[in-house]
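Right, one structure below, let's go through it.
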Amino acid sequence: MSKDTGAFERIVSGMTRPVSFSLAALYVVQGLSRLYLGAGGPGRVLVLIAFAAALALFLAGMLMGGRRSRIGGAHQAGIVMAAIVAAHSGLYLYLTGDPDASTTFALLILGLGIFFLDLRWFAAAVTLTLLSWTSAALAIDQLDPGEVLTLAATTLIAGVAILIRIRVYRQLNGLRSEAEEKAGALSQSEERYALALSGSNDGLYDWDISRNRIYFSERLTTMFGCDPDQMGPAVEALTDRIHPEDSERVKARLVSHLKGDEPYFEDEFRIRHEDGTYLWVLTRGASTRDTHGRAARMAGSITDMTRRGVFDPLTGLPNRRLFLDRLKRVTVQRPRSESDKEGFSVLFLDLDNFKAINDTLGHKTGDDLLKEVASRLQTCVRASDTVARLGGDEFVVLLEKVRVPVGVQITLDRIVEKLSQPYVLDGRELYVAPSIGVVIDTEHYRDPDELLRDADTAMYSAKESDKVTVIFDVAMRERLRERLELERQLRTALEQEEFMLHFQSIVSLVDGRTEGFEALVRWDHPTRGLLQPDDFIPVMEETGLTVPLGQWVMREACLQMMRRYENVRAEDMPYVSVNLSGKHLGQEDLVAGIEQLLLETGFSGNRLRLEFTETAIIENPRRAASALGQLKLLGVQILMDDFGTGHSSLSYLQNLPIDTLKIDRSFIARMTTEPDGAELVQTIIRMAQNLGLKVVAEGIETPDQVALLQGMACGAAQGYLFARPALFPGSEGRRPKRAPDVRTEESPGPSWRESGPAEDSVSEERPAAAAAEQSSASKEPVGSPHQG
């Protein structure tokens, strides 16, 4: 059966009752006519049969009428009625022998066509009827050809009628189904739109430009804190709410879109809420045009960005997400003409020494400083520009439609001048200088993240070169790539232990004996040979790799000292001094780690010296005081390295558990070359002695320097005059066997005396390519804090 028959079934069901009643009326008439003509012989039986058939059809109509048929569907109802009519007509034909009974059958067959819209059901009903009629006709042996022809013609007409009706109903049902599907899809679409609109923070507007009448959605008026009737139908109800600093820019961009210069309108600006505050909104729109190309209608959305997580909660500035979105927009919407000298530029800046301010003065002062910096930056740019905070003390500035490079330089000068002025916070006067990276040549950028990355690279270049501003060039990217590669190689070097220790003697200026050694790290690079600390320590400081490197140096120094002096009592063993950075002081497990190291290596704590620079200590003085105090309990002595090159604060010397000052080599070098050089060193030594501190002078290269220091009662010294940094004898085999080298033996005994203790000799190992250059002490660099 066709899938559409269900719909036809409902139609036929509604016709069951009137058809059954009509057939019942036909047999009532037949019964009454027999009574009128006289009901003799079989006539009485025919009258009874006619009335019985009428009653049966009437009851069938009552029971089967409507859609809730007790017997079944419309097709079953047709079969029942066909059986009743066939039974009556067959009996009538059998009893009377009247060939006119075929007329009743013909009417029955045509009636069946009313019920059926399916040929199979129709054929079943007709077959039942014709079998009844044929059996009766054969019984009286009066099968007339004319009657058969009548029945055949009637059946054919009924069948053709059914086919036509099926086709028409199928077309009608198809149209109705299509209409229902479209109506359902439209209803579903409207429901989706209503649901999306109700669940969105976006407000909608529809502006009839020719009539200057604008429609605002209820969500939009709610966003502004208004009732729907308060806004009014004119577009000024919206434009009058725009912040005065943004109004000119927004109107200019709107006019540009309406003129057809821009395909879409999109801008972010501040708009006044009914309570007087301002919201940051993102407005989008597009226009339809009339036959003359003029904008006739404009519709779009307004999004409340204030509550979308795109603004920094501390400063109120746009955050990274919003800044990158604006940067993407200007990257796509470039100047239309190559001759146009206006472009856009990106500035990336952070504040020098901000971490020190945050750590020493507290986070509240740091937050107040960031808010003041944000406020000053906004006064340095135009309303069309964007100032954003990326996080921490990092800010970015997007300069739109600026003359390059003149306009960029003007803004840079203004920013530097504003940010360099003193900040008065909580009664304190602070000075903070910025480091700024600039990308001016933005023409070839397509990816906003790449542009921001290059501005960041330029900013780091400014920090490294002690410049305030640096403009990005491609060479910086290559240097950054090399730095990242160096960082990768350093991580590999730590895993594969490609580092080695050279030791430099620290000699007593009283009796000439070797008091101890300073352990100095070198990197045996797979391709570049033996590298000095200046070549890799700065990168390790920035990446935090100095922490695992320092742990390795301490362990290796203790192990080598134990092997070198395995037959010497601990109290007679020279000490070993190891350089650590400020990051080590920030490690919670520093003291526990060193205690465990001493237990595992068997090295005595009172033979271990740890060197920290002034800068490392003042990064976190409270943490430093706690850690250094605990180290003292282990017997470890603390040295302040490179004294005189940092803050040289006496408070640190008084309050921190420091045992020894190491005078920087720069002061020693000036003792014999500058008039006041010796006086300055003498002052440092006297101050240390008054505070009960020992003194070690670094970088001794001449006997004259030794004589001066002895006259000042300086306790100890180290330098090339006594010994160059070198491997301990017997430790050569611990060096990685990747690079060929040349080994020489040198005595660390002081050259200003005729003899020195043979047990303290070390051997210097260096690559063959560098041996000639390093054979002269005066040619080796002397600026590294990790180099004797």
Side-chain angles (χ1 to χ4, degrees), residues 499 501-507 514-522 532-534 537-538 540-541 546-547 549-558 560-561 574-587 590-591 593-594 597-598 603 605-621 623-625 627-632 634-649 652-653 656-668 684 688 693-700 714-719 725 782-788:
F499 296 98
L501 292 185
H502 284 194
F503 294 84
Q504 186 175 37
S505 303
I506 300 174
V507 179
T514 299
E515 293 184 352
F517 298 93
E518 181 177 0
L520 302 166
V521 67
R522 304 290 189 261
Q532 300 295 319
D534 281 347
I537 289 296
M540 300 192 85
E541 287 277 6
T546 49
V547 173
L549 177 63
Q551 294 168 348
W552 179 87
V553 169
M554 281 191 290
R555 177 176 295 275
E556 187 67 17
C558 292
Q560 291 200 34
M561 288 291 292
Y575 64 81
V576 65
S577 182
V578 176
N579 291 274
L580 294 183
S581 71
K583 288 185 171 57
H584 289 92
L585 288 175
Q587 299 295 308
L590 171 66
V591 178
I594 293 177
L597 182 151
L598 295 174
F603 195 72
N606 60 18
R607 309 316 295 164
L608 177 63
R609 307 288 190 268
L610 297 181
E611 298 187 19
F612 297 93
T613 64
E614 289 181 83
T615 304
I617 292 175
I618 67 170
E619 283 181 357
N620 192 339
R623 172 62 187 161
L628 297 181
Q630 295 177 61
L631 288 172
K632 291 284 291 182
L634 300 178
V636 177
Q637 292 197 19
I638 307 301
L639 285 73
M640 180 175 283
D641 195 15
D642 300 335
F643 183 78
T645 60
H647 292 268
S648 301
S649 173
Y652 294 126
L653 298 179
L656 294 176
I658 297 170
D659 300 288
T660 304
L661 293 184
K662 295 191 75 174
I663 303 177
D664 187 70
R665 68 186 65 250
S666 61
F667 294 102
I668 303 301
I684 295 174
L693 303 178
K694 299 176 184 178
V695 177
V696 175
E698 295 183 294
I700 307 302
C714 178
Q718 68 183 98
V782 294
S784 171
H786 294 266
Q787 187 173 300

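All figures in this text were calculated on a predicted structure; none of them were measured in a lab. Note that the numbering runs from 1 along the sequence shown for the chain.
The shortest non-hydrogen separation linking Val591 to Ala627 is CG2-O, 3.8 Å. Across Glu541 and Ser581, no two heavy atoms sit closer than the pair OE2-CB, 3.4 Å. When all heavy atoms of Gly516 and Pro574 are compared, the closest pair comes out as CA-CB, 3.8 Å. Scanning all heavy atoms of the two residues, the minimum distance from Phe603 to Cys558 falls at CD2-SG, 3.6 Å. In terms of heavy-atom proximity, Ile668 sits nearest to Gly699 at CG2-O, 4.2 Å. Considering all non-hydrogen atoms of both residues, Ala519 and Ala557 come closest at CB-CB, 4.0 Å.
Counting only heavy atoms from C-beta outward, the side chains of Phe503 and Val576 approach each other to under 4.5 Å. The shortest distance between side-chain heavy atoms of Leu585 and Leu628 falls below 4.5 Å. Within the 4.5 Å cutoff, the side chain of Tyr575 has no heavy atoms near those of the Gln637 side chain. Side chains of Val695 and Thr660 form no contact here, defined as non-hydrogen atoms less than 4.5 Å apart. Considering only heavy atoms from C-beta on, Glu518 comes within 4.5 Å of Gln718 through its side chain. Annotation: side chain of Arg522 is in contact with side chain of Pro725 (closest heavy-atom distance under 4.5 Å). Taking 4.5 Å as the limit, some side-chain heavy atom of Leu610 sits within range of a side-chain heavy atom of Met554.
For the pair Asp659 (side chain) and Ile638 (backbone), a donor-acceptor distance under 3.5 Å is present. Looking at Arg609, its side chain never comes within 3.5 Å of a backbone N or O of Phe517 through a donor-acceptor pair. Counting only distance, with no hydrogens or angles, the side chain of Arg555 and the backbone of Leu597 share no donor-acceptor pair below 3.5 Å. Between the side chain of His584 and the backbone N or O of Asn579, no donor-acceptor pair lies under 3.5 Å.
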Practice task
Test Trp552 against Leu501 for side chain to side chain contact (heavy atoms under 4.5 Å, CB included), laying out the working first.
Solution key: CA-CA 10 Å; Trp552 179 87; Leu501 292 185; 4.0 Å; yes

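Here the straight-line distance linking atom CG of Leu693 with atom CE of Met640 works out to 9.0 Å at 0.5 Å rounding. Atom CD in Glu611 sits 3.5 Å away from atom NZ in Lys662 (nearest 0.5 Å). With rounding to the nearest 0.5 angstrom, the CD1 atom of Ile700 is 8.5 Å from the CD1 atom of Ile663. With rounding to the nearest 0.5 angstrom, the CG atom of Leu661 is 12.0 Å from the NZ atom of Lys694. Atoms CG and CD, from Asp641 and Glu698 in turn, are 5.0 Å apart once rounded to the nearest 0.5 Å. Rounding to the nearest 0.5 angstrom, the gap separating the CG atom in Leu631 from the CG atom in Leu608 is 8.5 Å.
The 12-atom threshold is exceeded at NZ of Lys632, counting heavy atoms of other residues, nucleotides or ligands nearer than 6.0 Å.
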